Amino acid sequence: MDLNDTPQQAEYRAKVRSWLEEHKHEAPVLQGEGAIEDEHEAVEAHRAWQRKLAEAGLTGVTWPTEYGGQGLGPLEQVIVNQEISRAGVPGILDAIGVGMLGPTIIAHGTEEQKQRYLAAMLHGDEVWCQLFSEPAAGSDLAGIQSRAKPQDDGSWVLNGQKVWTTNAQFASFGLLLARTDPDVPKHKGLTMFIVPMDAEGVTVRGLRQITGDAEFNEVFFDDVALDPDLVVGPVNGGWGTALTTLMFERLTIGGGGEGMGYRADRFARALASDPAAVRDPEVRKRFGELATDLLALRFTGYRILTALQRGQIPGPEAGMGKVTVVNAAVAAGDLIADVIGPDAFSLDDEWNYLISFLPGLKSAGGTEEILRNTVGERVLGLPPEPRLDKGIPFSELRDKEREAAGASA
Amino acid sequence: MNFELSDEQRALQEAARGALSRHKTLEAARDALDGGERLDLWDMAREVGWPGLLVSEEHGGAGLGGLDAMLVLAECGRVLASVPLLGHVPATAVLDAAGSHAELLSALADGERRAAFAGAQPPGDLSQEWTADPRRGHARVPAPRAEVDGDAAVVTGEVAWVPDAPGADVLVVAVVDADGAARAVLVDAGAQGVTVEPVVRYDATRLLGHVRLDGARGEVLAAADTELAAAWYLGQGLLAAESLGAVERALEVSVEYAKERFTFGRAIGSYQAVKHALVEVLRRQENARSLMYYAGWARQDAPAEFPLAASAARVAAGRALDFAARELISVHGGIGATWEHDAPYYFRRAQLSRRLLGGMGSATDRVAGELLGQAAA
Ligand SMILES: Cc1cc2nc3c(=O)[nH]c(=O)nc-3n(C[C@H](O)[C@H](O)[C@H](O)COP(=O)(O)OP(=O)(O)OC[C@H]3O[C@@H](n4cnc5c(N)ncnc54)[C@H](O)[C@@H]3O)c2cc1C
């Protein structure tokens with residue numbers, strides 16, 4: 001076992017660190033004390049920061065060089081994350097695009113799509129959003145109803161609604177899953193599209209969250225015309241394309257808990273500044289337990305990286321990272337609020353946001369129940385539950401569901 | 001970066017599993033509780049070279065690392081095998097660090113003689129004291145005191161619940177001298193003033209003893225107090241590993257049963273209440289494994305982090321085993337609660353282990369203390 005950098009990695013780390021040292025005063029303050037208040041201003045400052053990181057080669061570290069990436073391994077990406085966190089500066093604005101949607105386009109897109117979209121995404125010039133969830137389909141994503149109909153000239157017309165769409169309020173593009181054939185079972189008739197957010201017929205409405213901010217939105221599509229070259233991956237093969245995005249999503253949230261700032265040492269600093277808390281056995285017990293989980297997450301991350309680096313698929317340890325990080329961070333926020341008292345909830349306190357954001361994060365990117373189902377079936381090999389939607393054309397499914405809901409009402 | 005087991009470590013694991021599979025350890029666990037004799041696998045351990053795992057090669061040992069020893073303990077834990085390594089291995093680590101007593105070390109490495117470590121919990125961020133496990137109750141007791149004169153020491157005090165003390169030939173004792181400094185003292189188990197009272201509680205596979213020292217004469221070892229602390233934390237890491245192994249087996253058996261037992265026309269493993277609980281066992285198991293690797297790595301490459309790493313591994317594995325053992329029983333329904341089933345022996349192992357070597361409470365507190373101490377610095 002070896003956690004040390006190789007000479008090349010050490011050199012890379014030194015380079016990253018010195019760039020950050022030199023430029024960290026240019027980074028915007030986005031949270032806590034002194035944060036930029038105006039939302040639009042904050043986004044533009046964050047965008048400018050992403051551009052600087054991109055120009056320095058610190059975004060898309062693992063992306064191929066022909067699309068503006070660095071063509072390096074997952075380890076170098078981790079080195080960049082670690083150094084960004086060490087420098088105390090924000091990461092990129094478009095983590096969803098660069099972390100999940102760009103890699104989906106790299107895996108399934110055409111060469112023209114890669115040339116057109118990827119570099120602008122990396123630089124933050126065009127931010128992306130993930131248009132998957134709908135009011136009636138989240139966990140059961142394959143049940144989406146947004147409908148894209150083929151036209152005689154090969155283009156498509158899109159109608160429907162998406163919801164909980166993070167960053168849609170300033171995104172240039174969205175990656176959207178739509179139903180293209182309702183007369184086949186629900187996983188079969190789906191297609192992935194790129195949607196220009198400024199297209200005619202696209203309406204974005206902000207939804208305020210527990211934090212009080214509106215970071216996610218509902219998005220409406222009324223007869224939106226989509227060119228044929230906006231299809232990503234095979235027509236009616238969108239489920240496979242979506243699975244690629246979801247895989248990257250889980251790696252981003254589960255493996256990146258530390259990158260999201262949910263680190264044992266950060267919580268320790270908050271508690272250590274209160275001498276009475278440091279001596280309180282109850283505080284110590286709660287902190288010892290949640291810190292154990294957060295430490296486990298860090299070293300699980302190294303196991304996952306080792307596998308990725310060897311070109312292997314990570315083992316069972318990878319699936320539950322999100323559950324561990326969210327629950328441990330919830331426990332940390334709860335403990336810190338107990339220690340600080342009501343003042344932890346004051347608007348300019350860093351814990352206010354953390355505490356309010358976490359309940360939603362439990363659902364984002366797959367709920368705990370869904371993750372446990374997936375791991376139970378795929379990793380432990382336990383039998384799935386009986387399903388009532390297998391093999392039924394999507395067009396007949398809604399009627400059946402309505403009937404069942406009516407019967408139980 | 002490489003944070004996985006090496007091929008050699010996998011081979012060690014497989015060899016250990018193979019050697020242990022030739023013994024009916026679970027039946028032995030039941031028999032021992034029924035008043036039969038404890039199946040002691042020391043001879044088997046000698047054949048495969050475990051007594052000398054951490055002893056350097058020049059003294060006849062294998063010269064391996066802490067993680068290797070943990071892997072062996074995990075295999076023992078899987079099948080609840082009684083191999084007195086939990087006390088022996090940390091004792092040999094202290095002796096090896098001291099660098100004296102070559103002859104004794106090679107006898108210990110060979111397994112011809114056996115050692116036990118009567119350790120003390122090192123000072124933490126809030127307390128400067130070295131403390132030992134008490135016989136009963138919540139208050140920890142001061143580590144034994146020693147009058148030191150050159151290499152000679154006269155030791156008085158008690159350490160309760162010492163793993164593998166009964167039958168050990170020598171004891172490595174963590175003591176505090178007149179200046180309040182921690183010292184390692186080597187005591188012959190047969191020396192005057194030494195009493196080892198064997199105690200069996202709840203899990204009859206576990207060899208434990210109360211060690212009493214009444215003016216017992218011993219030799220001061222040239223091991224720094226950091227070595228004594230490292231030996232305490234090695235004990236935490238080994239106990240964590242042993243628990244992790246037991247979790248693995250408990251999960252395998254639970255999953256197997258959940259696939260074949262049917263109720264209401266479905267396998268019980270298809271019900272979410274059962275499935276999610278088994279996934280929780282898996283989650284805790286993998287977290288504990290990551291921390292065991294951390295402990296093994298830290299002992300070698302980041303000694304300053306070893307107290308944190310080993311304590312965290314202990315916390316994660318102890319909690320995992322408690323959960324896994326209870327789940328093993330409930331997944332099996334009525335049969336899981338019977339003497340005939342293996343589940344109760346995993347449960348007994350879980351409950352006793354959690355209370356040994358400072359207990360889970362101390363380990364959890366140590367995780368907090370290490371991190372809070374670093375943050376304040
Ligand atoms: C902060 C935040 C940001 C988000 N950002 C985006 C985004 O950018 N783009 C996007 O597309 N989506 C986004 N989402 C949506 C997110 O992916 C969904 O909320 C999530 O998948 C759950 O879907 P749902 O809300 O429809 O809940 P449902 O699927 O209706 O679930 C409701 C409850 O039922 C439980 N449940 C459902 N099915 C089962 C089952 N089979 N077994 C057991 N329990 C079950 C769930 O666990 C949950 O507790 C975001 C969500 C949040 C909170």
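From a predicted model like this one, the values you see are computed outputs, not experimental measurements. Proteins come first, then strands; the chains are lettered A, B, ... in the order of their sequence lines, and each starts at number 1.
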> What part of L5(B) is in contact with chain A, defined as an atom under 4.5 angstrom from a non-hydrogen atom: side chain, backbone, both or neither?
Replying inline: both

> Hey, is CZ on R136(B) packed in by over 12 heavy atoms from elsewhere, all under 6.0 Å?
Replying inline: no

>> Could you walk me through whether D301(B) and M1(A) satisfy the side chain to side chain contact (heavy atoms under 4.5 Å, CB included) test, starting with their C-alpha distance in whole Å, then the side-chain angles of each, then the deciding distance to 0.1 Å, before giving a yes or no?
In response: CA-CA 9 Å; D301(B) 292 339; M1(A) 259 173 216; 5.9 Å; no

> When rounded to the nearest 0.5 angstrom, what is the spacing between CG in L380(A) and CD in E252(B)?
Replying inline: 10.5 Å

> About how many Å separate CG of L372(B) and CG of D274(A), when rounded to the nearest 0.5 Å?
Replying inline: 10.5 Å

> Quick one: CG on D2(A) to CH2 on W297(B), what's the gap to the nearest 0.5 Å?
Replying inline: 9.0 Å

> Are the side chain of R303(A) and the backbone N or O of Y293(B) linked by a donor-acceptor pair below 3.5 Å?
Replying inline: no

> Which distance, rounded to the nearest 0.5 Å, do you find between the CZ of R283(B) and the CZ of R372(A)?
Replying inline: 6.0 Å

> Can you check whether V278(A) reaches D125(B) side chain to side chain, under 4.5 Å on heavy atoms?
Replying inline: yes

>> Can you tell me how far apart CD (E4(B)) and CG (L305(A)) are? Round to the nearest 0.5 Å.
In response: 11.5 Å

>> Heavy-atom pairs under 4.5 Å with chain B - which of A307(A), P386(A), P281(A), S273(A) has more of them than the others?
In response: P386(A)

>> Closer than 4.0 angstrom, basic N to acidic O: yes or no for K275(B) and E385(A)?
In response: no

> Given the options G65(B), G369(B), S270(B), which has more heavy-atom pairs under 4.5 Å with chain A than any of the others?
Replying inline: S270(B)

> With only heavy atoms counted, which part of E369(A) is less than 4.5 Å from chain B, the side chain, the backbone, both or neither?
Replying inline: both

>> Counting C-beta onward and ignoring hydrogens, is there a side-chain heavy-atom pair between L382(A) and K259(B) closer than 4.5 Å?
In response: yes

>> If you define the side chain from C-beta out and look only at heavy atoms, does anything of Q309(A) sit under 4.5 Å from M1(B)?
In response: yes

> Is there side-chain contact between T292(A) and R319(B), with at least one heavy-atom pair below 4.5 Å?
Replying inline: no

>> Go through it in stages, so that I can follow the logic: the residues are D265(A) and Q374(B), the test is side chain to side chain contact (heavy atoms under 4.5 Å, CB included), and I'd like the CA-CA distance, side-chain angles, deciding distance and then a yes or no.
In response: CA-CA 8 Å; D265(A) 58 330; Q374(B) 280 168 26; 5.8 Å; no

> Out of curiosity, L371(B) CG to F287(A) CZ, how far, rounded to the nearest 0.5 Å?
Replying inline: 5.0 Å

> Under 3.5 Å, side chain of T300(A) to main-chain N/O of S290(B), donor-acceptor pair present?
Replying inline: no

> For chain B, which of N373(A), D293(A), N4(A) has the most heavy-atom pairs under 4.5 Å?
Replying inline: N373(A)

> At a heavy-atom separation under 4.5 Å, does T364(B) approach chain A through its side chain, its backbone, both, or neither?
Replying inline: both

>> Only pairs of heavy atoms separated by less than 4.5 Å count here; which of R286(A), E368(A), E377(A), R266(A) has the most with chain B?
In response: E377(A)

>> Quick check on the interface: out of H276(B), R266(B), Q272(B), who has the most heavy-atom pairs with chain A under 4.5 Å?
In response: H276(B)

> Which bit of L75(A) comes within less than 4.5 Å of chain B, counting heavy atoms only: side chain, backbone, both or neither?
Replying inline: side chain

> Once the angle between the rings of F299(A) and Y294(B) is folded into 0 to 90°, is it parallel (under 30°), tilted (30 to 60°) or perpendicular (over 60°)?
Replying inline: parallel

> For R289(B), is it the side chain, the backbone, both, or neither that has a heavy atom closer than 4.5 Å to a heavy atom of chain A?
Replying inline: both

> Pick from V315(B), V255(B), L251(B), N287(B): which one has the most heavy-atom pairs with chain A under 4.5 Å?
Replying inline: N287(B)

>> Do L308(B) and L295(A) make a side-chain contact, defined as non-hydrogen atoms from C-beta onward lying under 4.5 Å apart?
In response: yes

> chain B heavy atoms under 4.5 Å from R279(A): which part of the residue, side chain, backbone, both or neither?
Replying inline: both

>> Using heavy-atom distances under 4.5 Å, tell me whether E280(B) contacts chain A through its side chain, its backbone, both, or neither.
In response: both

>> Tell me every residue that passes side-chain hydrogen bond (donor to acceptor under 3.5 Å, both in side chains) with E75(B), counting only those two or more places apart in sequence or in another chain.
In response: R17(B)

>> Looking at E11(A), I'd like to know if its CD atom is crowded, meaning that more than 12 non-hydrogen atoms belonging to other residues, nucleotides or ligands lie closer than 6.0 Å.
In response: no

